[in-house]
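Here is the structure we will look at, set down as structure tokens.
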Amino acid sequence: MPTRTRSATLAVPVATAALVLATLTGCNAMDPNQGGDTTCGDYMEMPPEDQREVITTFLDEKGQSDPAGMEVTLNLESAKLYCGTVGQASDPIRNIDTG
């Protein structure tokens with residue numbers, strides 16, 4: 001009878017716990033696009049196309065479901081400026097409205 005190593009014995013419970021956590025928190029926990037709730041730390045690490053999606057989602061949350069391209073660009077640059085200056089890594093990008 002083969003013996004299992006300690007790491008192999010722990011792998012199944014750890015994988016099960018991760019699956020349960022993902023199920024309980026929903027798919028959004030794995031989606032970096034949290035709209036205005038996206039933190040500056042996450043936002044600044046995103047590639048430009050993901051930043052644009054976050055800003056578009058943020059504007060949609062504010063009731064601007066079909067923003068003009070320039071409006072998205074302006075908010076995209078405002079978020080970068082805010083996060084790169086006064087914003088902390090844990091601050092949500094929605095703070096670009098209030099500073």
Side-chain angles (χ1 to χ4, degrees):
M1 180 174 190
T3 58
R4 290 178 138 180
T5 64
R6 180 173 167 87
S7 61
T9 304
L10 290 176
V12 172
V14 169
T16 302
L19 181 61
V20 168
L21 182 61
T23 302
L24 292 176
T25 58
C27 294
N28 281 344
M30 294 180 191
D31 183 5
N33 184 356
Q34 299 297 315
D37 292 329
T38 302
T39 64
C40 280
D42 290 343
Y43 183 80
M44 296 300 278
E45 292 178 1
M46 292 178 176
E49 58 274 4
D50 289 350
Q51 289 178 340
R52 184 168 287 282
E53 287 180 29
V54 166
I55 294 299
T56 302
T57 300
F58 169 58
L59 292 172
D60 187 50
E61 292 169 355
K62 292 175 42 176
Q64 301 170 10
S65 60
D66 190 23
M70 195 62 179
E71 187 171 9
V72 173
T73 301
L74 178 63
N75 280 274
L76 189 137
E77 295 303 320
S78 293
K80 285 183 194 175
L81 182 63
Y82 171 77
C83 291
T85 56
V86 297
Q88 302 296 312
S90 61
D91 289 343
I93 63 155
R94 77 174 60 257
N95 288 356
I96 63 174
D97 282 343
T98 59

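What you see is a predicted model, and the numbers here were worked out from it, not measured in a lab.
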message: Under the salt bridge (Lys or Arg N to Asp or Glu O under 4.0 Å) definition, can you give me all pairs with a residue in residues 36-45, not counting sequence neighbours?
response: Asp37-Arg94
statement: Residue pairs meeting salt bridge (Lys or Arg N to Asp or Glu O under 4.0 Å), one or both in residues 65-76, sequence neighbours left out, come to none
May I ask you to test the [X]-[Y] pair for a side-chain heavy-atom distance under 4.5 Å?
{"X": "Thr38", "Y": "Met46", "answer": "yes"}
{"X": "Ile96", "Y": "Asn75", "answer": "yes"}
{"X": "Met70", "Y": "Leu74", "answer": "no"}
{"X": "Cys83", "Y": "Ile93", "answer": "yes"}

- prompt: What are the two closest non-hydrogen atoms of Pro92 and Gly36, and how far apart are they?
  reply: CB-O, 3.3 Å
query: Which heavy atom of Cys40 sits nearest a heavy atom of Gly87, and at what distance?
result: SG-CA, 4.5 Å
Pro47 backbone acceptor or donor facing Asp50 side chain under 3.5 Å: no
Only distances under 3.5 Å count here; give the side-chain donor-acceptor pairs of residues 51-60 to other protein atoms, sequence neighbours excluded, each with its distance to 0.1 Å.
from, atom 1, to, atom 2, distance (Å)
Gln51, NE2, Tyr43, O, 2.9
Arg52, NH2, Thr73, OG1, 3.3
Thr56, OG1, Arg52, O, 2.9
Thr57, OG1, Asn33, OD1, 3.4
Thr57, OG1, Asn33, ND2, 3.0
Thr57, OG1, Glu53, O, 3.0

